[in-house]
Number of protein chains: 2
Amino acid sequence: MNIQEFARQIGVSTATVSRALHKRGRISPATRQMILERAKELGYTPNLHAQRLVTGRSHMIALDYLGQAQILSDMFLVALARGIQQALQAHGYGLLLNLMVDPQQHDTLQRQWVRSQAVDGLILVGGAEVDRAMLREVAAGDTPCVLISQQPVEGVAHVGSVAVGLAHGARQVARMLVEQGHRCIGFLGSEIPDPVLAAFRAELQTLGAGLSEARVTIAGRTPEEGAQAMRQMLARRRRPTAVFARTDALALGALRAAKQLSLRVPEDLSLVGHDDISAAEWTDPPLTTVRVDCLELGQAATRMLVQLLKQPEIRPDPCEVHTELVQRASVAAPGGR
Amino acid sequence: MNIQEFARQIGVSTATVSRALHKRGRISPATRQMILERAKELGYTPNLHAQRLVTGRSHMIALDYLGQAQILSDMFLVALARGIQQALQAHGYGLLLNLMVDPQQHDTLQRQWVRSQAVDGLILVGGAEVDRAMLREVAAGDTPCVLISQQPVEGVAHVGSVAVGLAHGARQVARMLVEQGHRCIGFLGSEIPDPVLAAFRAELQTLGAGLSEARVTIAGRTPEEGAQAMRQMLARRRRPTAVFARTDALALGALRAAKQLSLRVPEDLSLVGHDDISAAEWTDPPLTTVRVDCLELGQAATRMLVQLLKQPEIRPDPCEVHTELVQRASVAAPGGR
DNA sequence: GTGAAAGCGCTAACAA
DNA sequence: TTGTTAGCGCTTTCAC
């Protein structure tokens, strides 16, 4: 049933129906009430496409996950989406998903959706560092957009930025380790440069602990690489009493390596991971790690986007959702007790 | 730029432009070619809403995740979505996400989208068992829909069904355990009735091994419950040489409990989980478990939906994507070697 | 093979 | 407060 038919059946004009269905427009409460009731009764639902065509707004936003630029692994995407959807729901927006499937098609598709006005706004995950091309594309248009990335992105009018503040958690790890009494600390890195390493090192410095270059190993990504690097570290004359691994994947491997060498964790060696992948809770001992609240991340991004959608002229301040230390059982004071 | 403006600029009618952009309609190859080129050149993209309004098809489908009826945990949702999107892309459909956020709002929203014609079809995850209400709702309409659930759903014209065949993996576990020489096997369940337990028991029976009632413990969901149940099992006079846990979460707890009792896995006790959560790969030893290929699941569901979208009159055969045993290191022959 | 024109269902001026 | 009506941008008969 369309609006005409419906209006005819209940004996009012289409304009009145339209007014009853929206907040705005002058209409007597009684009429509105009546129309709402009868709409439910007769099962009338306005055609979205007609609405969108005439208003020029789709009330849809797209979540674009740039596979190339994964700053969040798949695992966290659902939490992110949930956060986004939660926040979106309050404003009557829907969520369109755009997981990268075929990198080729991806930006075509995305561009298509923007250009064809299928979505009013965009949330791009993984932006800044890697997909400069896409960022340029977005910046060139005027579609409200928020980027979720490691480095804040600034300077584009209609583009908001939510950065994952990696430094915070890294500093917490440094403080916690030093408080526990560790002075000989190692870092198992994944790549360089690394904001986590930078913040960790700086904080140790501040605390007077220091992180010698010799104790920083750039291992890679796989647990095997983590195990390998760990063995090297432990082969040193003066082995670290605590190791901070850049990712839980590395930490998992490191943990296994340590055990194989008959080291007890945390008594003989404290270990801290990063990311809080779900396996972290299930290692033996459960891994102390660092995580970011993806639900919050999604909500923050959404709040910013909605703001941008409502008032495109005001440029939102970049915001940051920072990582947090999650204490479990893989850290203890040094010295076998 | 809209079609009128574009048509005017390149000196043809809107009808010709429209024809050039679609497969159908008689048009000279030369003209089409020319129009396509100039469209790209001038950056003309048809307005989706107008297209949808006039054609009555949105080329969108919604993925509905019924939180209450989770048959897939969050972890697997991304793989599922990826599979769906991959298959969808080939047919030019987009994906709208509907994670359950507020159970209240959920079906409202979903219904809204169907009724307002925002989506042409639906993929419902978790349907059958739990959300009969929603199923009824869907069945009442005539929107093509496919359900991903444990039990196949049949009998509704425009509703397809993709079932997760749990029996297959369960049988594989039974066979593998018996082949390894186990005769005294325990089962750590989560709830009852359970298709996995049923298939496991039946297969053991067939193999002449049998599963005595006494060795079936319904533990619950958490690892703690798994550990607890495991301790009970191991306290028995004749302890099992192998245990099949209904979920990896339970198995994780069970594994920990076994270790605390100084049992070696797999030498003293073989353990098999179910689901292949990511932690399963990282336990010590890595957990042998059972998994379902969510990518495939998504693709199968999508193929069925697209088929339904194209030919609503033909009723698709229910299909099944079954679970598979993933061998890792938590199973060995019984008897300490 | 191409163009003219009638809607698709809705919203929002403008009139009443 | 309510009704009338002109589009929103596109597809698709129906003429040419």
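Letters A, B, ... mirror the listed sequences (proteins, then strands); counts begin at 1.
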Criterion salt bridge (Lys or Arg N to Asp or Glu O under 4.0 Å) on B:Arg315 and B:Glu154, from CA distance to verdict: CA-CA 10 Å; B:Arg315 180 181 294 222; B:Glu154 298 185 63; over 6 Å; no
The helix from C:dG1-D:dC16 to C:dA16-D:dT1: angle between end helix axes, five pairs per end, rounded to 10 degrees: 30°
Those residues of residues 31-42 of chain A lying under 4.0 Å from DNA chain C by at least one heavy atom: none
Which residues share a salt bridge (Lys or Arg N to Asp or Glu O under 4.0 Å) with A:Glu5, sequence neighbours left out: A:Arg8
5' priority, DNA chain C, between B:Arg19 and A:Asn47 [closest heavy atom]: B:Arg19
5'-most by nearest nucleotide on DNA chain D - B:His49 or B:Arg24: B:His49
Pair listing, side chain to side chain donor-acceptor pair (under 3.5 Å) test, anchored in residues 35-45 of chain A, at least two apart: A:Gln33-A:Glu37, A:Arg38-A:Glu41, A:Thr45-B:Arg115
Polar side-chain atom of B:Asp120 near backbone of B:His59 as donor-acceptor pair, under 3.5 Å: yes
Whether B:Thr323 side chain and B:Gly165 backbone form a donor-acceptor pair below 3.5 Å: yes
Side chain proximity check, B:Val12 to B:Met34, heavy atoms < 4.5 angstrom: yes
B:Ile84 side, atom CD1; B:Leu95 side, atom CG - distance, nearest 0.5 Å: 6.0 Å
First and last nucleotide of DNA chain C, 5' to 3', lying under 4.0 Å from heavy atoms of chain B: C:dG1 to C:dG9
Touch class at under 4.0 angstrom, heavy-atom based, for B:Ser28 against every strand present: sugar-phosphate
Upstream residue (5' side of DNA chain C) when B:Thr14 and B:Ala50 are each assigned their closest nucleotide: B:Thr14
side-chain contact (heavy atoms from CB on, under 4.5 Å) partner of A:Tyr93, chosen from A:Thr302, A:Leu88, A:Leu305: A:Leu88
Sugar-phosphate, base or nothing in reach of B:Val17, heavy atoms under 4.0 Å: nothing
Verdict with reasoning, A:Leu48 to B:His49, per side-chain contact (heavy atoms from CB on, under 4.5 Å): CA-CA 9 Å; A:Leu48 260 185; B:His49 307 309; over 6 Å; no
Contact boundaries on DNA chain D for chain B, cut-off under 4.0 Å to non-hydrogen atoms: D:dG9 to D:dT12
Closest contact, heavy atoms only, B:Gly160 versus B:Met304: CA-SD, 3.6 Å
Sugar-phosphate only, base, or nothing, as touched by B:His22 at under 4.0 Å among non-hydrogen atoms: sugar-phosphate
Sugar-phosphate only, base, or nothing, as touched by B:Leu53 at under 4.0 Å among non-hydrogen atoms: base
From A:Gln86 atom CD to A:Glu296 atom CD, the distance as rounded to the nearest 0.5 Å: 10.5 Å
CG-CD distance between A:Leu42 and A:Gln9, expressed to the nearest 0.5 angstrom: 5.5 Å
Spatial distance of atom CG (A:Leu96) from atom CD1 (A:Ile123) [nearest 0.5 Å]: 12.0 Å
Touch class at under 4.0 angstrom, heavy-atom based, for A:Arg52 against every strand present: nothing
Sugar-phosphate only, base, or nothing, as touched by A:Phe6 at under 4.0 Å among non-hydrogen atoms: nothing
Residue among B:Asn98, B:Leu97, B:Leu99 satisfying side-chain contact (heavy atoms from CB on, under 4.5 Å) with A:Leu97: B:Leu97
